[in-house]
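Each remark here refers to the structure printed beneath this line.
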Amino acid sequence: MAVSSNRRTEPAKVLDRIKANKCLHCENEYRKRGLCQKHYSQFLRELNAAPKKDRSNFELNAIQTGKILAVGRVVEIRSDNVFRN
């Protein structure tokens with residue numbers, strides 16, 4: 001019998017990189033949301049350069065395309081609690 005899970009699924013590459021403390025885009029250690037300081041700064045610059053009405057869509061698109069992780073997702077990935085959804 002298959003067990004269903006509410007946990008989001010990322011590609012194995014993303015999971016491996018987070019568990020290895022690596023940025024999603026380079027070999028540096030990640031700092032926030034799966035990105036190193038350089039790439040997180042780039043994300044913030046682009047986010048803040050977008051018109052305020054478009055920022056939510058910009059961030060959502062970045063999450064959906066795997067360029068950045070959702071807030072709190074790193075903690076979920078790194079958790080070994082099998083009872084957490």
Side-chain angles (χ1 to χ4, degrees):
M1 179 169 150
V3 175
S4 85
S5 171
N6 290 335
R7 294 185 88 134
R8 293 179 228 156
T9 57
E10 277 86 13
K13 176 186 172 193
V14 170
L15 299 176
D16 291 343
R17 294 195 67 76
I18 295 303
K19 288 179 180 179
N21 293 325
K22 299 290 182 185
C23 173
L24 297 176
H25 304 287
C26 69
E27 293 303 311
N28 292 330
E29 186 176 321
Y30 76 83
R31 297 284 180 208
K32 293 182 181 180
R33 299 181 65 182
L35 303 179
C36 65
Q37 188 61 48
K38 173 187 168 184
H39 288 112
Y40 189 70
S41 293
Q42 288 175 351
F43 167 74
L44 288 180
R45 274 195 303 274
E46 293 298 319
L47 178 68
N48 292 324
K52 285 187 179 184
K53 64 181 179 73
D54 296 335
R55 289 180 185 173
S56 292
N57 287 334
F58 176 83
E59 183 173 7
L60 183 60
N61 182 54
I63 292 168
Q64 290 175 338
T65 58
K67 294 178 182 175
I68 192 168
L69 294 176
V71 173
R73 188 63 186 128
V74 170
V75 173
E76 292 175 10
I77 290 171
R78 294 188 61 84
S79 172
D80 61 354
N81 184 345
V82 297
F83 298 102
R84 182 179 287 163
N85 288 348

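The shown structure was predicted, so the numbers you read here are calculated from the model rather than taken from an experiment. As a basis for the values below, the full set of heavy atoms in this structure was taken, side chains included, without hydrogen atoms, waters or symmetry mates.
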Ignoring hydrogens and angles, write down the donor-acceptor pairs under 3.5 Å from the side chains of residues 57-64, residues two or more places apart or on other chains.
from	atom 1	to	atom 2	distance (Å)
Glu59	OE2	Arg33	NH1	2.8
Glu59	OE2	Arg33	NH2	2.8

Looking at every non-hydrogen atom in both residues, tell me the closest pair between Cys26 and Cys36 and how far apart they are.
SG-SG, 3.6 Å
Looking at CD of Glu76 and CG of Leu69, how far apart are the two atoms once the value is rounded to the nearest 0.5 Å?
10.0 Å
Indicate yes or no for a side-chain donor-acceptor contact from His25 to the backbone of Lys67 under 3.5 Å, with no hydrogens or angles considered.
yes
Compare all side-chain heavy atoms of Ile68 with those of Leu24 and state whether any distance is below 4.5 angstrom.
no
Please set out all donor-acceptor pairs under 3.5 angstrom arising from side-chain atoms of residues 39-51, sequence neighbours excluded.
from	atom 1	to	atom 2	distance (Å)
Ser41	OG	Gln37	O	2.9
Ser41	OG	Gln37	NE2	3.3
Asn48	ND2	Leu44	O	3.1

